[in-house]
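Data block below; observations after.
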Amino acid sequence: MKQKLIDLQGISKSFGDNLVLDDLNLYINQNEFLTLLGPSGCGKTTTLRIMGGFEAPDRGKVIFEGQDITNLAPDKRNVNTVFQRYALFPHMNIEENIAFGLKISGKSKQYIRDKVRYALKLVNLDGYEKRMPDSLSGGQQQRIAIARAIVNEPKVLLLDEPLGALDLKLRQDMQYELIRLKNELGITFVYVTHDQEEALTMSDTIVVMNQGYIQQVGTPEDIYNEPCNAFVADFIGDSNLIDGVMLEDKLVEINGTKFRCVDTGFGKNRPVDVVIRPEDVELVIPEKGILTGTVTGLIFKGVHYEMDVEAGGFTWLVHSTQMFPVGSRVGLYVDPFNIQIMNKPESEDEEAVQGEE
Amino acid sequence: MKNKKNIWLSGPYLVWSAAFVIIPLLLVVYYGLTAKDGGFSLEYITAVTQPENWKALWLSVLLSLVSTVICLILSYPLAMILVRSRLSSGSMIIFLFILPMWMNFLLRTIAWQNLLEKNGVINSVLSWLHLPAVNIINTPGAIVLGMVYNFLPFMILPIYNALSKIDENLFHAARDLGANSVQTFVKITLPLTVPGIVSGITMVFIPAMTTFVISDLLGGAKILLIGNVIEQEFKQASNWHAGSGLSLVLMVFIVINMIVTSIADKDGEGALL
């Protein structure tokens, strides 16, 4: 049975005239890896800082294990944070950095020594006790920052874009490292990032945010395969986002071409947003396609080719392992299962959200 | 090859400092270590132990220390406030503090003389309010006041710089790890601003130790600091040997101070980077 650990109720926060969060409701389960994902300025970091106690919400409550902690100072919360730029104390060596929280809480020397050694082992940096933070690489400093947070055995670890400053390879390694750590420690992770790949790789639950509103909450599969609006579809991975008209159940018209799909319940002749992932557009010989078009762009991406195909008045983005040279005539085929139909945004807020990306 | 060429760029400065720093310094050393007949003698160095000189030196150290401590106590909280408000009104407040420094140092001190005089501005206001007059001018207190007023910006600026270099997230991290605001100050803020504090102390203590203008104007030539004694030896007694001898003793204090500074600053910078 899942248990609510943190419950954010009706959180609003503005800085001056800038409304950053508007009536945000979100709960985080025990032992969950939850990622707040969104473009910069979407309110994800503010949400994290409210959980950590570094910002007070203008309205709303933060409930932690049933207790209202909205006005509790950061040092009184059973939560630790890994900061974006690590924030290691530059005048202390690694051991002193990691021991900081334990010393403050008055643990015994022996306990602290064991705990520091254990934490360093956990992040694969044993033997670094006497080094100074500035003698470590970015990735190592990051791991020390994590070690410094987890020795205090928090119920929740808050991570604010912790991998943002690392290079690609290191970032990928650290993603696996974080998943391993989370499984070993069994604590709840709340992770903030603007990197959709990071979010998809690590999370149990992804919360997509934009302009202070939660757009969608779901598992990585849900978010990727069933984006609930155009913003989510566009933000998570590449996509072909096209205006369409839902003619009837299971039949959508895109730029005059009828596509079969599996969505029902939209009514008849209703304008909708259609999302088709580039890897779901199959290139076939012209006779077999629903549409025919011409390849106008070709880029080799390593795993696949990325092609632009002009067809039916729209430039389709196509990912395929099969290469079609620029200028060749191709047919486009999309499996009905791979067509995602979404309602057009109704409220003004959602409109604003659409305009953003 | 390139480095050798660059050395020539410092040529003008080397000539300047040879003419106006090194040669005068050697002359001071020469006069300080010789008697009037030109022979080697330590008599003007040991002259510092004469009661009136010793008293002046001791008073200089004492008043400089008091001024430095007062500057530090005034500056640190102010610098913290300035750093916190750095986005809004901080630069305006800094400007207000630097503004008096654009006025001539002598003028500022004479202004204080006018304020503090027996029939000066402060006592006029007090008597208008039917309050008893205060006697500040020509006391050590007036000298300390003058030192603090004149040298305060030299304490604020290095501390402000050290504070503004600290990543704000370090404070958040300390709080996050369970430290309350006092513990955060003692364990994070204070150690990281040691270089600023040390250079602030140097920049207040050394000019305070060597001043003779402030003590002249606000001490009314009754309270002699070591600077006044040296000035009198050069100008009134025309005894360059005695003046140079005492200058050398004073220099020892400054060198000690600078050594302490460089040690603390080396540690500080290592930690800051």
Side-chain angles (χ1 to χ4, degrees), chain A residues 15-16 45 48-49 51-55 72-93 96-107 119 132-136 141 144-154 156-162 165, chain B residues 76 79-80 83-90 92 158-201 260-273:
Chain A
F15 295 107
T45 295
L48 194 80
R49 289 167 67 84
M51 289 189 231
F54 306 114
E55 303 284 358
L72 211 58
D75 46 311
K76 304 275 183 288
R77 299 188 180 199
N78 200 352
V79 164
N80 283 114
T81 309
V82 176
F83 291 88
Q84 198 163 9
R85 283 261 164 202
Y86 325 141
L88 297 179
F89 305 128
H91 57 301
M92 299 179 189
N93 66 26
E96 290 163 334
N97 261 287
I98 297 176
F100 188 89
L102 299 173
K103 269 188 201 150
I104 293 281
S105 60
K107 294 284 193 298
M132 294 305 282
D134 60 358
S135 73
L136 267 53
Q141 289 190 38
I144 297 301
I146 293 167
R148 183 178 68 176
I150 59 180
V151 284
N152 305 292
E153 298 176 353
V156 182
L157 191 64
L158 306 176
L159 302 105
D160 184 8
E161 305 212 24
Chain B
Y76 208 101
M80 285 181 82
V83 169
R84 285 211 186 123
S85 64
R86 67 182 125 188
L87 289 177
S88 48
S89 53
M92 187 62 205
I159 293 177
Y160 172 81
N161 280 339
L163 277 171
S164 56
K165 263 194 223 162
I166 303 175
D167 177 4
E168 208 190 352
N169 274 333
L170 293 183
F171 306 131
H172 290 318
R175 295 304 301 275
D176 185 72
L177 293 166
N180 60 34
S181 49
V182 176
Q183 287 166 320
T184 303
F185 179 79
V186 172
K187 285 176 186 273
I188 309 296
T189 317
L190 208 52
L192 287 176
T193 48
V194 164
I197 294 171
V198 169
S199 67
I201 287 174
V260 171
T261 308
S262 74
I263 290 169
D265 225 6
K266 214 180 274 167
D267 288 356
E269 269 176 7
L272 262 182
L273 283 174

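So you know, we letter chains A, B, ... as the sequences are listed, proteins then strands, and number each from 1. Quantities reported herein were computed from a predicted structural model and do not represent experimental measurements.
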Interface moiety of Phe89(A) toward chain B, non-hydrogen atoms closer than 4.5 Å: both
Atom pair CG (Leu177(B)) and NZ (Lys103(A)), whose distance is rounded to the nearest 0.5 Å: 12.5 Å
Chain A contacts, top residue of Gln183(B), Arg175(B), Lys187(B) (heavy-atom pairs, under 4.5 Å): Arg175(B)
Gap separating the CG atom of Asp176(B) from the CZ atom of Phe100(A), nearest 0.5 angstrom: 10.5 Å
Any Leu170(B) side-chain heavy atom under 4.5 Å of Pro90(A) side chain: yes
Gap between atom OH of Tyr86(A) and atom CG of Asp167(B) - 0.5 Å precision: 12.0 Å
Residue Thr81(A) versus chain B: region with a heavy atom under 4.5 Å: both
Considering all heavy atoms, the nearest Ala87(A)-Ala173(B) contact: O-CB, 4.0 Å
Interchain contact, Leu102(A) with chain B, by part (heavy-atom threshold 4.5 Å): neither
Structural part of Asn80(A) lying under 4.5 Å from a heavy atom of chain B: both
Pick from Arg148(A), Arg77(A), Lys76(A), Arg85(A) with the largest number of heavy-atom pairs that fall under 4.5 Å of chain B: Arg148(A)
